[in-house]
Number of protein chains: 2
Amino acid sequence: MATDRRRAILEGAARVIARRGVRGLRMEELATEAGVSTALIYYHFKDRAGILRHTLEFISDRADRYTSDQGEGEDGSEGGSEDGDDAVRELERSLLLEFQDLPEVRENSTAWGELRASAIFEPELRGDLARATLAWIHDVADLLGGIRPTAPAPALTASAERLTALLEGLSTRWLSGALPLTHARELTKEAVAVELERLAKID
Amino acid sequence: MATDRRRAILEGAARVIARRGVRGLRMEELATEAGVSTALIYYHFKDRAGILRHTLEFISDRADRYTSDQGEGEDGSEGGSEDGDDAVRELERSLLLEFQDLPEVRENSTAWGELRASAIFEPELRGDLARATLAWIHDVADLLGGIRPTAPAPALTASAERLTALLEGLSTRWLSGALPLTHARELTKEAVAVELERLAKID
DNA sequence: GTCTATAAAGCGATAGAC
DNA sequence: GTCTATCGCTTTATAGAC
């Protein structure tokens with residue numbers, strides 16, 4: 001079916017971009033990967049830029065899903081820590097999802113980083129990217145707000161901006177082999193702790 | 001002379017990469033930019049990958065220079081703040097150098113980000129990149145050590161890793177038009193403050 | 001060392017059949 | 001909607017003269 005093929009192409013694009021980068025994305029390789037002809041790609045997506053745009057959208061939707069979807073192994077009752085310990089773990093979990101050596105995660109991180117980097121030279125990618133980034137920052141700010149409910153909103157936003165930008169920086173280092181996964185995770189956890197201390201001090 | 005041309009090509013490469021990205025680097029455009037023929041580029045650098053490698057080296061040397069070279073407008077006498085206030089400003093200055101809307105800075109940041117991103121797919125860039133990153137982290141850790149001399153070295157390193165990774169993340173956002181320069185500078189300054197608080201607490 | 005000219009390959013995109 | 005076949009431009013890289 002039409003929709004199936006479309007999806008197959010987008011999934012293939014995410015894989016190829018993760019493997020070769022945006023700069024390495026070749027229509028023919030994508031066609032093979034998705035099990036279709038090159039012509040069909042153009043039928044569904046007009047041109048190369050169209051594929052990139054839709055792949056970005058596809059990727060960020062998928063990331064939303066694996067970020068929120070996580071089935072908790074815990075039962076629903078609040079254990080007893082009054083300082084929002086669960087909320088802290090929830091925030092850490094959400095951020096650390098980026099640092100797992102699973103194909104889908106690697107794929108998402110790589111493609112995201114690639115598209116972010118490409119946006120420097122391809123302004124038509126900027127709109128979607130900005131929207132997705134803003135949504136991410138907002139989610140993280142909400143999680144921080146759950147931990148420090150009385151902290152002022154601008155401070156929450158600033159912390160969220162730093163944490164997400166840090167994650168992007170660390171992620172690029174990880175993917176380029178400059179930073180071991182475990183170390184990336186440690187640095188992230190400490191960053192969370194450090195930002196929470198700051199928020200505690202402020203409110 | 002031979003060396004002049006070589007240098008002209010590298011300078012041209014930095015400019016073209018900043019303008020078009022690694023992905024958009026065309027031998028012919030580079031040749032024009034550097035005022036030489038395409039053949040000469042191959043004579044001096046073997047192939048496309050060779051240019052990228054040497055440009056990365058060129059860029060990070062140049063960044064070293066503008067990071068340390070800064071002629072101070074102040075006189076040499078220590079003003080009187082005992083808590084290393086000058087050292088704090090020195091650290092901030094050093095980090096904020098990345099966020100200036102000057103051609104050379106934009107060029108360096110863009111090219112650096114591009115090469116870092118390319119390294120995900122071109123392993124032969126990783127060695128130089130890792131060396132340059134390590135040197136940068138080390139410099140920042142030293143500046144932090146100047147402010148908190150009694151803090152343990154691993155804590156200094158961790159803070160330096162976070163600050164530099166954050167800078168790379170913010171820089172990409174700035175260059176892709178997702179973050180205004182002034183905001184990037186504010187977030188950086190706060191990040192320095194936050195990390196210094198953490199170090200103060202530890203030692 | 002440097003250039004001009006060009007071979008050789010790569011790659012995006014479309015025409016036209018089914 | 002999907003494929004096969006291919007056009008035609010772009011781009012890397014080299015040959016050979018000076």
Practice task
To the nearest Å, give me how far apart CZ (B:Phe45) and P (D:dT14) are.
Solution key: 16 Å
Exercise for the section: For B:Glu190, check side chain to side chain donor-acceptor pair (under 3.5 Å) against everything at least two apart and list the hits. Expected result: A:Arg162, A:Arg198
Fill in the blank from the handout: Residues pairing under side chain to side chain donor-acceptor pair (under 3.5 Å) where one sits in residues 132-145 of chain A, two or more places apart or in two chains, turn out to be A:Arg116-A:Thr133
Exercise for the section: Please step through salt bridge (charged side-chain N to carboxylate O under 4.0 Å, His left out) for the pair B:Arg23 and B:Glu114, ending with a clear verdict. Expected result: CA-CA 9 Å; B:Arg23 160 195 187 60; B:Glu114 275 288 294; over 6 Å; no
Handout entry: Residue pair A:Glu29, A:Arg20: steps toward the salt bridge (charged side-chain N to carboxylate O under 4.0 Å, His left out) verdict
Key = CA-CA 10 Å; A:Glu29 182 174 4; A:Arg20 309 264 188 237; 3.0 Å; yes
Fill in the blank from the handout: For residues 38-54 of chain A, the salt bridge (Lys or Arg N to Asp or Glu O under 4.0 Å) pairs (sequence neighbours left out) are none
Practice task
Take the protein atom CD1 of A:Ile9 and the nucleotide atom C1' of D:dC3, then report the distance between them rounded to whole Å.
Solution key: 13 Å
Exercise for the section: Grab the CD1-P distance between B:Ile41 and D:dT12 for me, whole Å please. Expected result: 9 Å
Handout entry: Whole-Å gap separating P (D:dT2) and CZ (A:Arg7)
Key = 16 Å
Handout entry: Members of residues 115-129 of chain B that approach DNA chain C, where some heavy atom sits under 4.0 Å away
Key = none
Identify every side-chain donor-acceptor pair in residues 119-127 of chain B under 3.5 Å, counting partners at least two apart or on other chains, and give the distances.
unit_1, atom_1, unit_2, atom_2, d
B:Arg126, NE, A:Ser176, O, 3.4
B:Arg126, NE, B:Ala119, O, 3.1
B:Arg126, NH2, B:Ile120, O, 3.3

Practice task
Could you identify which residues of residues 50-58 of chain B place a heavy atom less than 4.0 Å from some atom of DNA chain C, listed by residue number, or say none?
Solution key: none
Fill in the blank from the handout: note: A:Leu40, atom CG; D:dG1, atom P; distance rounded to Å ~ 10 Å
Problem - side chain to side chain donor-acceptor pair (under 3.5 Å) partners for A:Trp174, two or more places apart - result: none
Handout entry: Integer-rounded Å distance: C:dG10 P and A:Arg26 CZ
Key = 11 Å
Show every donor-acceptor pair shorter than 3.5 Å between a side-chain atom in residues 180-187 of chain A and any protein atom, with sequence neighbours excluded, or say none if there are none.
unit_1, atom_1, unit_2, atom_2, d
A:His183, NE2, B:Glu161, OE1, 3.0
A:Arg185, NH1, A:Phe99, O, 2.8

Exercise for the section: Could you tell me whether A:Leu30 contacts a base, only the sugar-phosphate backbone, or nothing, with contacts defined as non-hydrogen atoms closer than 4.0 Å? Expected result: nothing
Problem - Those residues that, when tested against B:Thr38, pass side chain to side chain donor-acceptor pair (under 3.5 Å) (two or more places apart) - result: none
Expected rows: protein N/O vs nucleotides 13-18 of chain C N/O, under 3.5 Å:
unit_1, atom_1, unit_2, atom_2, d
C:dA13, OP2, A:Arg48, N, 3.1

Handout entry: Between D:dA13 (C1') and B:Tyr43 (OH): distance, integer Å
Key = 17 Å
Handout entry: Phosphate OP1/OP2 of C:dT2: any B:Arg6 side-chain N/O under 4.0 Å
Key = no
Practice task
For A:Arg62, check side chain to side chain donor-acceptor pair (under 3.5 Å) against everything at least two apart and list the hits.
Solution key: A:Glu107, A:Asn108
Problem - Qualifying residues under ring-ring contact (aromatic ring centres under 6.0 Å, His included), relative to B:Phe45, sequence neighbours excluded - result: B:His54
